[in-house]
Amino acid sequence: MLRIENIHKSYPMGKSKLHALKGVSLTVNDGEFMSIMGSSGSGKSTLLNILGLLDSFDQGLYYLDNLVIQNLTETRAAFYRNKYFGFVFQSFNLISFKNAMENIALPLYYQGVSRKKRNAIALEYLERMGLREWANHLPSELSGGQKQRVAIARALVTQPKVILADEPTGALDSQTSLEVMELLKEVNREGITVIIVTHEHDISQMTNRIVRLRDGMIIEDIAVEKKDTICLT
Ligand code: ADP
Ligand code: MG
């Protein structure tokens with residue numbers, strides 16, 4: 001479970017400050033499939049980065065399970081980050097000179113897993129993503145959807161409790177976006193908490209809960225009503 005209380009975050013802006021989060025409180029339970037919505041600049045990425053221990057905050061409380069997150073050294077932050085979180089980004093963030101298998105295997109390299117073992121595990125994930133034949137291809141040889149599936153596999157390979165996805169469909173066409181969302185839903189069904197940042201209404205509607213940010217504050221937090229009809233647009 002992730003719980004933040006009254007989180008404030010400012011960025012230095014010349015001589016003044018930009019108040020990006022203004023007292024945000026949020027509880028995310030294990031197994032949730034939720035989205036954080038809001039227009040550009042509303043603080044979505046800032047919030048996600050704080051939850052994922054990629055960024056610090058100025059004020060407030062953060063409990064990660066029952067751990068109090070406070071003044072972590074970069075080493076401690078990295079330790080908890082690796083233990084809890086998998087990250088997915090809009091621009092995929094794959095390493096261009098490594099093939100699909102090596103990209104997926106990379107987090108295991110940092111965990112000290114042998115090459116043979118990490119490549120075997122990476123191949124299992126590629127199989128799961130339906131990309132087994134693409135193992136030896138470089139990111140530049142993959143479509144956007146394939147790249148994002150590789151990125152999701154890389155996020156899953158360390159068996160995180162939570163996947164944090166910042167605009168994961170932001171660079172994809174609508175059909176591919178749907179496929180990526182289905183994949184994230186499947187990941188969630190296996191018990192992993194999934195938090196998706198998006199500014200797209202349709203994407204947020206596919207999750208079970210929408211937290212809406214405006215100007216660094218939560219203005220709405222709703223459960224999504226699930227209809228049985230399929231909306232074809
Ligand atoms: P969103 O993801 O919703 O577009 P962000 O969390 O990226 O919003 O940004 C929130 C606000 O903080 C914006 O006004 C943005 O310009 C500012 N901001 C974000 N990151 C930085 C940074 N590293 N330095 C200065 N200002 C930043
Ligand atoms: Mg953002």
Side-chain angles (χ1 to χ4, degrees), residues 2-28 32-62 64 69-74 77-78 80-81 84-94 144-145 147-148 151-152 154-155 160 162-174 176-177 180-181 183-184 187 193-222 224:
L2 312 179
R3 183 154 67 96
I4 56 173
E5 276 176 24
N6 201 26
I7 291 283
H8 286 260
K9 168 77 179 176
S10 293
Y11 295 107
M13 266 255 291
K15 282 183 182 160
S16 65
K17 288 191 293 185
L18 192 142
H19 205 168
L21 294 180
K22 303 169 182 166
V24 172
S25 301
L26 180 70
T27 299
V28 182
E32 282 207 67
F33 184 55
M34 66 173 290
S35 52
I36 298 171
M37 268 280 272
S39 52
S40 178
S42 57
K44 306 182 297 297
S45 295
T46 301
L47 176 56
L48 203 74
N49 291 344
I50 288 173
L51 290 174
L53 307 177
L54 288 169
D55 207 351
S56 61
F57 49 94
D58 307 325
Q59 217 189 97
L61 298 168
Y62 180 7
L64 173 58
I69 300 298
Q70 204 172 36
N71 307 321
L72 291 186
T73 61
E74 180 44 36
Y80 292 121
R81 206 153 54 219
Y84 281 90
F85 300 108
F87 296 90
V88 178
F89 302 95
Q90 173 172 0
S91 49
F92 322 116
N93 292 10
L94 298 175
K147 277 189 258 205
Q148 201 56 303
I152 291 170
R154 179 188 55 188
V162 183
I163 293 284
L164 300 173
D166 196 344
E167 309 262 9
T169 63
L172 306 175
D173 62 61
S174 49
T176 311
S177 295
V180 163
M181 286 302 290
L183 182 55
L184 289 172
V187 165
T193 305
V194 176
I195 306 178
I196 298 164
V197 157
T198 182
H199 60 267
E200 293 173 85
H201 175 79
D202 293 0
I203 296 297
S204 68
Q205 285 296 322
M206 292 181 72
T207 67
N208 299 331
R209 175 185 176 192
I210 304 175
V211 168
R212 197 180 299 271
L213 277 181
R214 184 188 290 157
D215 288 336
M217 286 181 285
I218 292 180
I219 55 161
E220 191 178 48
D221 185 348
I222 55 165
V224 179

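Counting convention: from 1, in listed order, for ligands and their atoms alike. None of the values given here were measured: they were computed from a predicted structure. The figures here come from the full heavy-atom set of this structure, side chains too, leaving out hydrogens, waters and symmetry mates.
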Is a side-chain donor or acceptor of [X] paired with a backbone partner of [Y] at a separation under 3.5 angstrom?
{"X": "S35", "Y": "M37", "answer": "no"}
{"X": "S25", "Y": "N6", "answer": "yes"}
{"X": "E167", "Y": "I196", "answer": "no"}
{"X": "H19", "Y": "L21", "answer": "yes"}
{"X": "Y84", "Y": "V162", "answer": "no"}

Sorted by chain and residue number, the residues having a heavy atom closer than 4.0 Å to an atom of ligand 1 are Y11, L18, A20, S39, S40, G41, S42, G43, K44, S45, T46

If you take all heavy atoms of F85 and L51, which pair is closest and at what distance? CZ-O, 3.1 Å

Which atom names give the shortest non-hydrogen contact between S45 and D166, and what distance separates them? OG-OD2, 2.7 Å

Among all residues two or more places apart in sequence or in another chain, which pass the ring-ring contact (aromatic ring centres under 6.0 Å, His included) test with H199? none

Salt bridge (Lys or Arg N to Asp or Glu O under 4.0 Å) pairs, two or more places apart, involving residues 35-61: K9-D55

What protein N/O/S atoms are found closer than 2.8 Å to the Mg ion (ligand 2)? S45 OG

